[in-house]
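Residue numbering restarts at 1 for every chain, and letters A, B, ... go by the order of the sequence lines.
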Amino acid sequence: MNKTRSLYKAFSSNLEMPKPNGEKKVKIYNRFGMIAFIGIMLPISILVGYITFVLTDLLFAFNGNAYGLLSELDLISAFAMIFGIPLMFSVLFFSSDLNFLTALPVTPRSLYVARFWHTFRAENVMTSNVLYAIYIGYFVAAVKNTGFAFALNPVAILASIAGLYGALILPLIYCSILALLLMLILRKINRTDIYYHTSLVMFVIFALMFLLSFRGYGRISVMDYIDTMVLSNNDFTNICNFLFPTNYLTTLALTTHNVLPLICSVLIVAALYALSVLVAHLTYRKGLFAAAVIGNKKASRKTVSVKGGHKVLASLVIKEFKVLTRTMTYRMNCVYANLLWPIAAVIFIAEAPKFEFFKVFAYKLKNGDPLSHVILFAVIIAMAFIASGLNSIASTSFTREGVHLDMLKYLPAPLEKQIRAKIIIAVLFTFIPEVLSVAVITLRFGIAYMLPLYILITFLCVLIATIIGTLMDSISPYTVWSDELSALRGNLNCFFNLAAEMVFALIVGGISYGIYLLSSNAVITIAAVSVLLVIAGTAGVLAGLPHVKKNIELLK
Amino acid sequence: MIEARNLTMVYGNGKKATDDVSFTVKAGEIVGFAGPNGAGKTTVIKMLTGILKPTSGTAVINGFDINKDPIKAKMSFAYIADNPDILIQLTGLEYLNFIADMYEIPEDARKDKIEELSERFGMKDVLNTQMREYSHGMRQKLMVISALIHNPPAWILDEPMTGLDPSAAFELKQMMREHAKAGNAVLFSTHVLEVAEQLCDRILIINNGKILKEGTLDFLTLDNPGMSLEEIFVKLTGKAES
Amino acid sequence: MIKASGITKSFAGKQVLSGIDLDIKAGRIFGLLGPSGAGKTTLIKIITGQMGFDDGEVRVFGKNVKELNGDDKKQIGIMMDNHGIYERFSCADNLKIFADIYGVDHSKIGETLAKVGLSESRRKPAMKLSKGMRARLQLARVLMISPKILFLDEPTSGLDPMTMKYIHKLITDQRDMGCTIFLTTHNMEEAASLCDEVALLNEGKIIERGAPEEICRRYNHQKTINLHLSSGEDIEVIHGMDSAKIISTLMEQGKVETIHSSEPTLETVFIELTGRKIESDEEAKYA
């Protein structure tokens, strides 16, 4: 036990990003911290908490008060599950420090336990905050409807704690077990590419499974929604009740104050966790052996052929491309994560027409309703900014280089070109999936004539967002990390950047709305904001990039 | 060819990492750069190669000032960094091509050079393997090859022998001699004084950020009769840091 | 202490180790030498039970390596590559983690730091350490557990002569306390002065083994005599039948300024056995 705790402590040390050198930079950092707090944590928490409050409040009338909470828990668990497989795969088997760890006199079991909890903590900082907000929202509504004494029954409090952790732990346990078992099967096949691709296949399968099960999830009219929820006759809820029984059981305990389901859910988590430890005990060592061998094989004896030379910039772009696509962790978090946008867009156009509001919105757009156009315009802008913040490509531009940041400086390629290559790759990886989703939605709404403008706007926003991200990373790149997951998760730059992108999305949205209020004219609003974005983009290229260069030059 | 002019580096906390370091490596010369770990060797090399901007002073390589004319200066030297775990996502060949692209080496020229060097260092069989699968020594060999595919007038090598097996080290030493003989300049830092003894025309000994001694081997031994280079080194730099 | 017989290992059909036999007696320093990519790291991983193998047997402490229990493993110290230093932790905290893992009393931490000369830096975070200090911290980690067997993969690579000597002293002290030491190095002088026995691994096979002096003696035919002529020319004569003749004729002609004979060292033997691949390949082509 002592050993496990020591290992856990050692892993966690990677998560604490050191403050940058120099007072000025610390000041900038603290400011970023504020932006991050105001830009991400606060709005998300308030929004989620408020949604929960409204849903719960509404559902009290129908005696289904916790179903809003339940579907939120299910959603969070489902997402944790989708991203968990590739995550556990790389954490358990392909992390660069494993080579050393396997040499220690630690049982595979305690290595697994330390790894598991470390990942749990690293992954769930944000999510657990959202969950707090959800429960607060729920309790506020409950207090409002049933009074203090009843709502804050000890069983309910305990149930909320169990529910909070259960929703996060259960998916991670499943993913660990799956990763361990998969490795055992794949061991026989012994091919590197298959290991890498399996996790992608699992990722897509889970994503599709959950997204498709949304079909038939409540219509937009309140009655339908409540119907599907209370009767729990939709696929998504069915799947989730089966997969994540703790969500269901703890909400049950939360509303009925019955201890039995609470005890059941705790027992289920404990049993499944014990099962995962048992699986680890039996298979982890073998899996690690197999992973170590993969690291050593594939000495392909192709004849050496020197491919044609590239121009400097092209070569730099190719280098960035390869680093991103060939590192498991980056591939998942930075590259594949972008695929969620087009997938979501396709599902949106496939499913949304069943909803009342979609029909109204589509009709209004087609008939040139100015407010609807401004809203769609603002949504497209927000999507572009957030997509760029979420994939962390820009905000890890320099962090990815790790301790070899020096290389940027001693190569004879001008620093501008190297920075441009990083920007090009970040823009490409974000822009292409973004523009696909925008095109899908625009065409579905039957306003194809807007598409050229939307493409331009998306491009501008992605460019501006990328420059912001790169600029933020250049101030104090996080170069000392022992595994790539820490380069992303232990990296405050990513978090700050996401916050900054959200703030920007908000500002641009606010400006659009403001101009619309003043002019009540969609054409003027869209034109004015477009001009603003063009100016901002040009300023970014002309002023932002030289600033990035200067920051990098000044690094010691 | 390689000229350090009053290189001084002061870090944020006021500590002087190097203090007024000046020296010249002329064409046709091999100069060794020795000193204990933490003496400031790497800092000096980083200033020479444009990785660090000196607080004062500058470096001139092949007539180009590294801070005023960085690209031309960088085109004039090959550099081996002290840690070879760079871009391990690429295959060996991709890495070499990447570096060749950076130095804008034409296709036919690089092809022959890569063939020749990879054969010489016994790396031909693994060029199509990703570098993450290489051992430390293999990565180091690849770094050496990548530095040599372009043929610049100056070589700046930060501890190039570290991690090389004796055969590879032998090849590298041979190539350093050939390179100098062809009228180029070689500066390399090392801990292994035997290597310095075998190769160098001159040797610089640095400690606490200052050049303590500079001279030919004969001159150094003349000054300290009866002592081996290692003993001189120990005498000059004092006890091991702790 | 360590006994291996007939170890064979292949990756994807390519044989990396073939029929390796080793027998390392307790209290000796054994050096494994060989070019990069020869399979040294793979062999260490197999002997320490970090990697499976296809054929053969490894016995450590007289037990099959697959049956070593936790207590046995606690007596084996392994120092490989750069991992295992947690950059944000101080030296003392770094050791504390390993003290917990190996079940060592915390009082050992201060003692060990003193032993490797890091007492003054005990509170420094690892990321601020110089290369030499890092090497000593890594060594402290394995010395702290009072190991019976110590595996050191290139323990002095990239260190200055003084730190190197310091580490050599720590290693020999450890040996004198009865510890068996298994190390790899590319520094042949180090191997010659430190090791009681060395083995040369090339392309997955052990091609030479024995005490360093003994190996050098075996390759005595390689002894060369270097002559510096008055014409400024340097020539190298290989010791053998006609070398004496050549030298005496040159001497008679009064052309020789200095004579310098060089004994084969471990380094020249190494290069002869593993280097110059191209030439041997070419010979093979003509054969």
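- Shown are Lys422(A), Gln418(A), Lys311(A); of these, the side chain to side chain contact (heavy atoms under 4.5 Å, CB included) with Leu316(A) is made only by Gln418(A).
- Neither the backbone nor the side chain of Ser135(B) has a heavy atom closer than 4.5 Å to any heavy atom of chain A.
- Looking at Leu405(A), there are no atoms closer than 4.5 Å to chain B (heavy atoms on both sides), in backbone or side chain.
- Ion pairing between a basic and an acidic side chain is recognised when a charged N comes within 4.0 Å of a carboxylate O; Lys141(B) and Asp165(B) show such pairing.
- Here the closest heavy-atom approach between residue Lys409(A) and residue Gly50(B) is recorded as CB-O, 3.7 Å.
- The parts of Ile71(B) that come within reach of chain A are both its backbone and its side chain, each placing non-hydrogen atoms under 4.5 angstrom from that chain.
- Between Lys319(A) and Glu401(A) there is a salt bridge, since at least one side-chain N of the basic residue sits less than 4.0 Å from a carboxylate O of the acidic one.
- Here Glu178(B) pairs with Arg120(B) in a salt bridge; the nearest charged N to carboxylate O distance falls below 4.0 Å.
- No part of Ile66(B) comes within reach of chain A, as not one of its non-hydrogen atoms sits under 4.5 angstrom from that chain.
- Contacts between Lys72(B) and chain A at a heavy-atom distance below 4.5 Å are absent for every atom of the residue.
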